[in-house]
There are 2 protein chains.
Amino acid sequence: MKQATRKSVSTRRGADGGNFDEIDRQILDLLQESDRPVATLAEEIGLSQTPCWRRIRKLEEAGVIRGRVTLVDPIEAGVGLTVFIAVTAPRHEISWLTRFRELIESIPEVVEAYRLTGSTDYILKVLVPDIQAYDEVYKSMIERLDFSQISASIAMEELKFTTAVPTAYL
Amino acid sequence: MKQATRKSVSTRRGADGGNFDEIDRQILDLLQESDRPVATLAEEIGLSQTPCWRRIRKLEEAGVIRGRVTLVDPIEAGVGLTVFIAVTAPRHEISWLTRFRELIESIPEVVEAYRLTGSTDYILKVLVPDIQAYDEVYKSMIERLDFSQISASIAMEELKFTTAVPTAYL
DNA sequence: GTTGAAAATTCCCAATG
DNA sequence: CATTGGGAATTTTCAAC
């Protein structure tokens with residue numbers, strides 16, 4: 001699965017019947033926490049295996065389930081430092097945005113990037129081993145594209161991180 | 001798997017032998033992109049099934065692999081709007097931090113939270129259906145805890161989002 | 001929705017070179 | 001590291017209720 005990018009962050013839901021219920025939410029909540037055999041899942045939600053499996057399949061077909069991935073521990077992977085970079089574009093041209101997009105796509109240390117409202121044009125989340133490595137990322141960015149402003153904030157502590165999306169609005 | 005929190009964002013790697021090589025990185029890169037059968041993975045990296053399986057097992061035991069999860073599409077889940085909240089604490093007490101921690105932990109819409117260097121004390125990433133829903137989250141926060149400052153930035157576009165951690169520093 | 005179960009696949013771990 | 005083999009577990013699908 002290509003972990004691609006959503007074109008528009010705010011888009012209304014696709015034309016699914018939208019017919020998902022509380023049980024589907026339970027299924028998603030559990031599977032987002034950790035993958036497990038259908039039999040186990042079925043027992044946890046008090047359902048038998050077959051309908052449970054059918055629901056999962058339906059959620060996959062509807063595109064609600066995007067895929068299954070392995071999560072790597074950043075600390076163990078040697079990238080225990082999270083840095084947020086606030087970026088201001090030098091000019092508001094589509095060509096600059098295109099090159100910016102290619103730039104961040106090519107840097108594995110950049111794990112998230114958003115265009116924002118307000119004075120800061122973009123925010124990037126970067127995973128690196130230490131400040132020195134961050135500086136390398138910084139330098140590789142400014143040597144490949146021009147910026148009006150770049151300012152870094154170091155994350156001193158991670159209070160919460162989850163890949164689990166809220167299911168209350170499904 | 002409890003998607004818990006890392007106590008310190010910057011911590012040196014644990015006392016693994018650290019003996020991971022380029023093949024291990026390839027394995028992680030592929031599994032972070034998408035889970036697949038060991039047989040498939042083995043073929044992709046040009047290895048036979050058994051040693052490939054052994055490497056995965058070793059990566060799990062070393063804690064490099066944190067778990068396997070299902071990813072849900074935010075758009076399909078009805079939370080296509082990403083909002084970043086910059087928070088300033090009213091006072092720097094451990095009791096406030098404790099309550100803040102409990103607060104964000106109890107709000108599923110808050111998917112990430114970090115304590116930062118600089119003038120902004122904390123940054124939160126929130127997933128909601130729309131501005132109205134964001135306002136609900138905002139109100140539920142200020143009614144349960146006091147803040148010195150809260151300012152929201154709307155994500156107009158998601159340029160990059162990946163759960164894949166860089167493996168170059170493993 | 002349920003139970004029960006067969007068929008195909010995948011996982012896990014030997015034995016051997 | 002490779003190959004082969006095979007039992008256990010899981011997934012997937014299908015009946016019948």
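So you know, we letter chains A, B, ... as the sequences are listed, proteins then strands, and number each from 1. Side chains are part of it too, since the values below use all heavy atoms of this structure and drop only hydrogens, waters and symmetry mates.
Whole-Å rounding puts the A:R57 CZ to D:dT12 C1' distance at 9 Å. Taking atom CD on B:E22 and atom C1' on D:dC1, their separation rounds to 18 Å, with Å as the unit. One can place CD of A:E60 at 11 Å from P of D:dT11, the figure rounded to the nearest angstrom. In this structure, CZ of A:R68 is placed 14 Å from P of D:dT10, rounded to the nearest angstrom. Atom P of nucleotide D:dT13 and atom CD1 of A:I56 are separated by 12 Å, given to the nearest angstrom. Atom CG of A:L41 and atom C1' of D:dT10 are 14 Å apart (whole Å). If you take CG of A:L31 and P of D:dT11, they are 10 Å apart, rounded to a whole angstrom.
A salt bridge between B:E60 and B:R57 is absent, with no side-chain N of the basic residue lying under 4.0 Å from a carboxylate O of the acidic one. Looking at B:D146 and B:R91, a side-chain N of the basic residue comes within less than 4.0 Å of a carboxylate O on the acidic one, giving a salt bridge.
A:P37 comes within 4.0 angstrom of the backbone, heavy atoms only, and of no base.
Aromatic pair A:Y122/A:Y114: centroids not less than 6.0 angstrom apart.
At D:dC1, one or more side-chain N or O atoms of B:R55 fall inside 4.0 Å of OP1 or OP2 (strictly under the cut-off).
For CD of A:E44, the number of neighbouring non-hydrogen atoms (other residues, nucleotides, ligands) closer than 6.0 Å is greater than 12. Environment of CZ in B:R99: sparse, with no more than 12 heavy atoms of neighbouring residues, nucleotides or ligands closer than 6.0 Å.
Mapping A:A39 and B:G46 onto DNA chain D via the closest heavy atom, the residue that lands nearer the 5' end is B:G46.
Interface limits on DNA chain C: the 5'-most and 3'-most nucleotides within less than 4.0 Å of chain A heavy atoms are C:dG1 to C:dG4.
Inter-residue side-chain proximity for A:Q32 and A:T167 is flagged as met; some heavy-atom pair is nearer than 4.5 Å.
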